[in-house]
*Asks:* 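Please read through the structure below; I'll follow up with questions.
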Amino acid sequence: MPDWFNLTALYGGLMIGAAAMILWFGIGRIAGVSGIVGRLMSGPRDGWAWAFVVGMLIGGAGYLFAGIGETPVREGMSPVLLAVAGLIVGVGTGIGSGCTSGHGVCGIGRLSARSIVATCIFMAVAAATVFVTNHII
Amino acid sequence: MNFVFALIAGVMFGFGLALSQMIDPAKVIGFLDVAGNWDPSLAFVMGGALLITIPGFFISKRLGKSITGQKFQWPTKSDIDRPLVVGAVLFGLGWGLVGYCPGPAMLLPIFNPAEAMWFVIPMLVGLWFANKLKQA
């Protein structure tokens, strides 16, 4: 097995998929984080959207406090770069109507051509960006 | 009932993001660095999720209604328009720059509070602004 191989990524992915299906089969809503958080910013601020975000924080905290795995904390990243990146991630997922979960997990899951195109574009642009920052600059 | 389903789904979603290491930006950038020392493991995250969601959405088409009796809110747009493409390009750029997409970003108050305030607040402002643009 290559050294990057681990099953936790697969287990995590299966959990994310199962979570998306609980929201879908339960209340008929798409588990797209940018969509749900966007609702909380612009309305309608439904109770279920708050519950999902609070649940995410509980799940993340549960992982951390259960001491299941190492979670390295990055230091020294430029605050300006973080803020610029945060802004364009927000604007981009807002006008593009989805992110890795809404387009990637749910959109491809329902075989939407729009989501397949969006996912290919944001993955390719992200990889090209990393190529520039890691190998050129 | 909506609250209960959303809370359970959120807990599993947040735990899954952490377990899969999507919350580690070094890991994410390693996955995106196809020309360098490529770490393909995060492909298993989306792959694993799709193993569940593809059959799930397929089955739901036959079901017609959710467990609580509410309609499935199928997204209605089907055309590949300019906002979709421009939005995906911008998102990819921001994701590649620092390694956070919106899901992991919402967990930053837990996993990296110092970076959370710098990244998450602008992201929220960006989402709000984009929604304004779409309504205009």
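Every chain is numbered from 1, with letters handed out A, B, ... down the list of sequences. Side-chain atoms are counted along with the backbone in the values below, which use heavy atoms only and exclude waters and symmetry mates.
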*Asks:* If you define the side chain from C-beta out and look only at heavy atoms, does anything of A:N134 sit under 4.5 Å from B:I29?
*Replies:*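 Side-chain contact under 4.5 Å: yes.
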*Asks:* Would you confirm whether the ring centroid of A:W24 sits within less than 6.0 angstrom of the ring centroid of B:F57?
*Replies:*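 Yes, close enough.
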*Asks:* Mind checking the CG-CE spacing from B:L32 to A:M123? Nearest 0.5 Å is all I need.
*Replies:*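 The CG atom of B:L32 sits 7.5 Å away from the CE atom of A:M123.
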*Asks:* Within the 4.5 Å heavy-atom criterion, are A:L82 and B:Y100 side-chain neighbours or not?
*Replies:*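 When only atoms from C-beta onward are counted, B:Y100 and A:L82 do touch, with a gap below 4.5 Å.
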*Asks:* Short question: side chain of B:N2, backbone of A:G47 - any donor-acceptor pair under 3.5 Å?
*Replies:*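 Checking the backbone N and O of A:G47 against the side chain of B:N2, no donor-acceptor pair under 3.5 Å is found.
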*Asks:* Between the main-chain N or O of B:P102 and the side-chain N or O of A:S34, is there a donor-acceptor pair closer than 3.5 Å?
*Replies:*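 Not at all, since once roles are kept as given, no pair shorter than 3.5 Å links the two residues.
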*Asks:* Is the backbone of B:D79 close enough, under 3.5 Å, to the side chain of A:R114 for a donor and an acceptor to pair up by distance?
*Replies:*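 At least one qualifying donor-acceptor pair exists.
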*Asks:* Do other residues, nucleotides or ligands put more than 12 heavy atoms under 6.0 Å from the NZ atom of B:K61?
*Replies:*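 Enclosed.
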*Asks:* Any idea which of B:L84, B:I59, B:I80 has the most non-hydrogen atom pairs under 4.5 angstrom with chain A?
*Replies:*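 It is B:L84.
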*Asks:* Taking the side chain as every heavy atom from C-beta outward, state whether B:P75 and A:R110 have any atom pair closer than 4.5 Å.
*Replies:*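 Side-chain contact under 4.5 Å: yes.
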*Asks:* I'd like to check B:F91 versus A:V125 (side-chain heavy atoms, cut-off strictly below 4.5 Å). Are they in contact?
*Replies:*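 When only atoms from C-beta onward are counted, A:V125 and B:F91 do not touch, as no gap falls below 4.5 Å.
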*Asks:* Any side-chain heavy atom of B:F111 sitting closer than 4.5 Å to one from A:V73?
*Replies:*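 Result no, sub-4.5 Å side-chain heavy-atom pair not found.
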*Asks:* Does A:Y63 reach the side chain of B:I110, with side-chain heavy atoms less than 4.5 Å apart?
*Replies:*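 No, too far: nothing below the 4.5 Å cut-off.
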*Asks:* Where on B:L7 is there a heavy atom nearer than 4.5 Å to chain A: the side chain, the backbone, both, or neither?
*Replies:*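 Looking at B:L7, backbone and side chain both touch chain A.
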*Asks:* What I'd like to find out is whether the side chain of B:K134 reaches to under 4.5 Å of the side chain of A:S97, using heavy atoms alone.
*Replies:*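 Heavy-atom side-chain distance check passes, below 4.5 Å.
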